[in-house]
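Structure, as structure tokens:
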Amino acid sequence: MDLLILLASFVIILAGAELFTNGIEWFGRKLGLAEGAVGSVLAAVGTALPETMIPIIAILFSSEEHSEDIGVGAILGAPFMLATLAMFVTGVAVVWVSRGRPEGDVMTVDTHVLAADMRTFVIAYGIAIAAAVFLPSDPTWPKIVVAIVLFVVYGWYVKGHFEADPTIDLEDLAPLRFHRFDAGRTHPGTDEPRLRIVNIQVIVALALIVTGAVAFVDAVGHVASALGVSQVLLSLVIAPIATELPEKFNSILWIRQGKATLAMGNITGAMVFQSAIPVSVALLFAPHTWVVTAGDATTPGNLLAFASAGIAFLSSAVIFLPMWRVGKLRGRTLLWGGLLYLLYLVVVGVALAGG
């Protein structure tokens with residue numbers, strides 16, 4: 001039964017991702033936004049919100065023991081998974097789609113958009129990790145100041161994307177999937193729908209993604225338990241994969257459609273969001289937990305969890321510094337994320353063996 005639920009939830013996620021990519025592009029078109037704003041802000045935040053709510057709820061509302069530690073661990077795990085495994089999956093899609101193309105696996109991305117994303121990510125996440133390393137548990141007011149700074153950084157980042165020139169043209173868009181339900185189109189005889197119908201499709205798509213992701217995570221947990229997988233391995237390795245990767249099917253769909261800026265922005269924009277907003281919540285409401293300690297290797301809010309942040313920085317540098325240097329991004333470069341994820345697994349294995 002769990003395997004059937006796993007398969008069904010996978011299909012639901014794919015259906016939601018297809019509706020979402022189509023709908024969010026039309027949403028950007030209706031608002032006159034650039035690809036950077038659609039991919040790095042709207043799509044990234046929309047698909048990141050479901051798993052973001054899990055650690056926020058754990059920190060703000062849960063009364064369970066170690067709930068704050070679990071929340072901090074989940075917050076740290078999100079940028080790491082995006083910088084490693086999500087990059088790897090997207091890279092595999094690029095290499096597969098680019099077979100036989102004269103330009104090979106060179107991606108037609110707006111390097112300025114991605115450079116802005118990664119620059120903001122490094123600044124925001126660097127500030128967050130520095131707060132954990134250098135700021136003491138008491139007093140807590142310096143961490144509150146850091147949280148405010150992170151909110152300002154993200155606001156400035158969003159402002160920059162929304163002020164960019166529109167780049168989504170009507171001829172670049174597939175017909176809205178819900179257009180058949182739009183009896184009163186803005187332009188009769190065309191495929192341009194009303195904003196109301198676009199909004200409905202995006203909401204339905206997000207509902208499908210969230211529903212499928214929740215069922216997927218539950219099924220993965222049940223299968224792992226049935227196979228005798230340890231709780232530590234489940235929390236540090238399997239659970240992050242199950243919560244982060246389903247929504248990244250959006251990027252794979254955009255790669256298939258030749259819209260690499262939207263595909264990559266969906267990941268890099270989510271990295272910026274995860275490094276600023278959830279971290280700010282942790283700094284405001286769990287400041288005593290946002291600190292690097294050696295502790296027990298099985299506890300999320302410790303040196304092992306923060307080590308994932310270091311690998312996230314390393315993966316970002318390996319993938320995007322060559323793009324910054326030569327002005328282009330190759331799909332094969334994204335595959336480094338998978339190797340660095342394997343490095344993390346080795347670190348986890350060594351830490352658990354030593355513990």
Side-chain angles (χ1 to χ4, degrees), residues 10 13 44 47-48 51-52 54-55 72-96 105 107 114 117-118 121-122 125 129 213 216-217 220-221 223-224 227 229-252 255 263-264 266-275 278 297-298 300 302-323 329-354:
F10 185 74
I13 291 169
T47 55
E51 65 265 24
T52 300
I54 295 173
V72 169
I75 290 171
L76 286 165
F80 162 72
M81 292 299 299
L82 292 166
T84 56
L85 212 52
M87 292 291 181
F88 173 76
V89 171
T90 305
V92 170
V94 173
V95 172
W96 179 264
D105 64 340
M107 302 173 67
L114 298 187
D117 286 359
M118 296 312 299
F121 166 71
V122 170
Y125 210 41
I129 300 303
F216 186 84
V217 170
V220 167
V223 171
L227 296 176
V229 176
S230 72
Q231 289 297 312
V232 174
L233 190 63
L234 182 64
S235 64
L236 291 177
V237 179
I238 298 175
I241 294 176
T243 54
E244 284 296 332
L245 283 188
E247 292 85 353
K248 299 315 160 193
F249 284 114
N250 299 321
S251 294
I252 296 175
I255 289 295
M264 291 302 300
N266 187 43
I267 298 175
T268 57
M271 291 172 65
V272 177
F273 176 79
Q274 298 282 19
S275 66
T298 63
N302 62 49
L303 191 59
L304 181 61
F306 279 94
S308 67
I311 297 179
F313 280 124
L314 178 60
S315 181
S316 301
V318 170
I319 292 172
F320 290 101
L321 282 180
M323 182 197 76
L329 181 65
R330 289 186 173 273
R332 72 189 70 170
T333 308
L334 303 182
L335 301 181
W336 279 103
L339 294 176
L340 290 169
Y341 180 76
L342 291 177
L343 172 62
Y344 176 70
L345 295 185
V346 172
V347 172
V348 171
V350 171
L352 294 179

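From a predicted model like this one, the values you see are computed outputs, not experimental measurements.
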Identify the heavy atoms of [X] and [Y] that sit nearest to each other, and give their distance.
X    : Y    : answer
G331 : V95  : C-CG2, 4.1 Å
G337 : S315 : CA-OG, 3.8 Å
A270 : A44  : N-CB, 3.2 Å
I311 : L340 : CG2-O, 3.7 Å
I267 : A86  : CD1-O, 3.8 Å
S316 : A83  : OG-CB, 4.1 Å

Could you measure the distance from the [atom1] atom of [X] to the [atom2] atom of [Y]? Nearest 0.5 Å is fine.
X    : Y    : atom1 : atom2 : answer
L343 : T84  : CG    : OG1   : 10.0 Å
W96  : I255 : CH2   : CD1   : 15.0 Å
Y125 : F80  : OH    : CZ    : 10.0 Å

Hey, does [Y] have a side-chain heavy atom less than 4.5 Å from the side chain of [X]?
X    : Y    : result
L329 : I319 : yes
M264 : L334 : yes
F121 : D117 : no

- Excluding sequence neighbours, so at least two apart, what forms ring pair (Phe, Tyr, Trp, His ring centres under 6.0 Å) with F273? Y154
- Note on the structure: Residues passing the ring pair (Phe, Tyr, Trp, His ring centres under 6.0 Å) test with F88, sequence neighbours excluded, are none
- Query: What's the verdict on side-chain contact (heavy atoms from CB on, under 4.5 Å) for M118 and M271, showing C-alpha distance, side-chain angles and the deciding distance?
  - Reply: CA-CA 8 Å; M118 296 312 299; M271 291 172 65; 3.7 Å; yes
- Give me the one residue out of T268, L335, V318 that meets side chain to side chain contact (heavy atoms under 4.5 Å, CB included) with M87. T268
- Hits for side-chain hydrogen bond (donor to acceptor under 3.5 Å, both in side chains) against S275, two or more places apart or cross-chain, chain-then-number order -> none
- Item | Plane angle bin for Y344 and Y341 - parallel if under 30°, tilted between 30 and 60°, otherwise perpendicular | tilted
